[in-house]
Amino acid sequence: MDKVAYLQTWGCQMNVHDTEKIAGVLRGEGYAFTNKPEDAALIILNTCSIREKAEHKFLSRLGYFRRLKKKRPAMQIVVSGCIAQQEGEKFLIDNQYVDFTFGPQNIAKLPELILRDKRKAAVEENPYLAETELPSIRNDGTRAWVNIMYGCNNFCSYCVVPHTRGRERSRPMDSIVNEIRTLSDEGYKEITLLGQNVNSYNDPNNGTCASFAELLTAVNAVKGIERVRFVTSHPKDLSPELIAAIGDLDKVCEHIHLPLQSGSTKILSSMNRKYSYAQYLDKITALRDSVPGITITSDIITGFPGETSEDHKETLSALREIEFDGIFAFKYSKRRYTRAADMEGQLDEEIKSERLKTILELQDVITDKINRKLKGQTVEILVEGESSSDPAHWTGRTRTNKIVNFIPVESVKKGMFITVNITNSFRHSLEGQPDR
Ligand code: SAH
Ligand code: SF4
Ligand code: F3S
């Protein structure tokens, strides 16, 4: 079979970026890529296990590939990412048609795994992960993700990530900045720094121990890069120094994704988040004082074990008090290896669904109110190209990370910064008119 690969990804930006690296490694081995799995010699499924739903989506897709392999036995089926890491050898035992698996720390081993006769689950710890430089295939041309750290040490009691991505390790600052310089030379304009908890970045090199604020300062100085973003921030590590840096550095965009998870301090404590609601609120106030116009988005988990209707009400009142620009809200999902899975007070799906609905309805009203105020304003957007949901429109993003759709005009090209007048607002997007 020709060297042709089909890649599919589930999960967070970090996983999507891992797929870019998987593609980079495969290209080095002479592979081409297809979006038709039926034509591929190699299928790699890069998985996510953050919630049960993510796992289910992958498993139902895997059934399709199993049938495909019956017709094309020479095809290799490979599972990577967080499910591969979490399940280890067991996954190979339970799924005999899967050729091999590898976890997020073992992407570099892909070439040897493809050639191996014996099936293997490559899930061992890689102590050199933060120093390993892998090529990436990025298709966007304008916006790029760059890893600054791997793993997580926080062990929030509901979360599988520390178990799938291992311990936290920061990537040396000079290699991060070098990669961004190269991206700038290639024409990239926007960089998103990636890590599970970017605020606790700590340069491991040369005893400099640069903090995340110092890294932001270095990235801000790279010529040609116009916008700098980062995900995800943990509230406990959001220092006054970092808040000041976000306000001072001209390329760092006025948006932060700061997961709250719950408005109840009691629940936050059993989630092991290490901040109270009052402390979280203080950080929001500091951010809004130091970074005028900053937009704030968040994550909420509803129906955590032991969450009473009072706790739920505290989350609702937190949403009213803070007025996030948008949230991702999830029903608590029981995960293997996590402490919360064994906690008392697990709630019924019905209660979780009901609470989720209330949360989303309330947030819709808040987002709508905030976005409506933007009507009539002129804002700068970075043009991303055709809208995926509506080919008649093009789309771009403000520095504050709001999506703006507009009818394309000839002079406007992907990757350009343009100003638009906001003519209409919807819950998850704005509509604008290019100002030229
Ligand atoms: N490192 C990031 C994001 C981790 S995963 C952070 O700390 O914020 C993204 C989001 O998924 C989390 O913020 C949380 O809201 C949600 N999540 C994680 N585990 C979950 C679980 N077991 N059930 C429901 N939602 C979960
Ligand atoms: Fe999971 Fe908490 Fe780490 Fe985020 S900080 S990845 S929620 S353990
Ligand atoms: Fe999912 Fe792993 Fe990311 S569990 S959310 S792909 S870190």
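Since the model is a prediction, treat every value here as computed from it, not as a measurement. Atoms within each ligand, like the ligands themselves, are counted from 1 in listed order.
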(Q) Once rounded to the nearest 0.5 Å, what's the spacing between atom OG of Ser387 and atom CH2 of Trp394? (A) 11.5 Å

Q.
Any donor-acceptor pair under 3.5 Å linking the side-chain atoms of Glu190 with those of Thr142?
A. no

Q | Aromatic ring proximity, centroids under 6.0 angstrom, Tyr97 and Phe65 | A | no

Q. Is the count of non-hydrogen atoms from other residues, nucleotides or ligands lying under 6.0 Å from Lys414 atom NZ greater than 12?
A. yes

Could you go through ligand 1 and note, for every N or O atom, any protein N or O atom closer than 3.5 angstrom, writing the atom names and distance to 0.1 Å, or 'none'?
from	atom 1	to	atom 2	distance (Å)
ligand 1	1 (N)	Gln196	O	2.8
ligand 1	1 (N)	Gln196	OE1	2.8
ligand 1	11 (O)	Arg51	NH1	3.0
ligand 1	13 (O)	Gln261	NE2	2.8
ligand 1	13 (O)	Asp299	OD2	2.6
ligand 1	15 (O)	Gln261	OE1	2.7
ligand 1	17 (N)	Arg51	NH1	3.4
ligand 1	22 (N)	Tyr158	O	3.0
ligand 1	22 (N)	Ser333	O	2.8
ligand 1	23 (N)	Ser333	N	3.0
ligand 1	25 (N)	Arg51	NH1	3.4

Q. Taking the six-membered ring where the residue is Trp, are the ring centres of His257 and Phe230 under 6.0 Å apart?
A. no

Q: Output the list of atoms in ligand 3 that are nearer than 4.0 Å to some heavy atom of Gln196, sorted by atom number.
A: 7 (S)

Q) What are the two closest heavy atoms between Tyr150 and Arg171, and how far apart are they? A) OH-CD, 4.3 Å

Q.
Among Glu168, Gln196, Arg169, Arg167, exactly one meets side chain to side chain donor-acceptor pair (under 3.5 Å) together with Asn153. Which residue is that?
A. Arg167

Q.
So, 4.0 Å and heavy atoms of Gln261: is ligand 2 close enough to count as a contact?
A. no

Q) Does Gln13 come within less than 4.0 angstrom of ligand 3, counting non-hydrogen atoms of the residue? A) no

**Q.** atom 7 (S) of ligand 2 [closest protein heavy-atom partner, distance rounded to 0.1 Å]
**A.** Tyr158 OH, 3.4 Å

Q.
If we only look closer than 2.8 Å, how many protein N, O or S atoms does atom 3 (Fe) of ligand 2 have near it?
A. 1

Q | Distance in Å, Leu216 CG paired with Leu242 CG, rounded so as to fall on 0.5 Å steps | A | 6.5 Å

**Q.** Residues which pass side-chain hydrogen bond (donor to acceptor under 3.5 Å, both in side chains) with Tyr201, listed by chain and number, not counting sequence neighbours
**A.** none

(Q) Would you compute the distance between atom CG of Leu7 and atom CG of Leu26 and round it to the nearest 0.5 angstrom? (A) 6.0 Å

Q | Ile300 vs Thr315, side chain to side chain contact (heavy atoms under 4.5 Å, CB included): CA-CA, chis, key distance, verdict | A | CA-CA 8 Å; Ile300 299 288; Thr315 297; 3.9 Å; yes

**Q.** Side-chain touch Thr265/Glu314, heavy atoms, less than 4.5 angstrom
**A.** no

Q | Residue from Asn154, Asn197, Asn199 passing side chain to side chain donor-acceptor pair (under 3.5 Å) with Asp237 | A | Asn197

**Q.** Under 3.5 Å donor-acceptor, Ser425 side chain and Leu430 backbone
**A.** no

(Q) As an exercise, identify every atom of ligand 2 less than 4.0 angstrom from a heavy atom of Arg273. (A) 2 (Fe), 7 (S)

Q: Using a cut-off of 2.8 Å, find all protein N, O or S atoms closer to atom 2 (Fe) of ligand 3 than that distance.
A: Cys82 SG

Q. Are any non-hydrogen side-chain atoms of Leu42 and Val4 less than 4.5 angstrom apart?
A. no

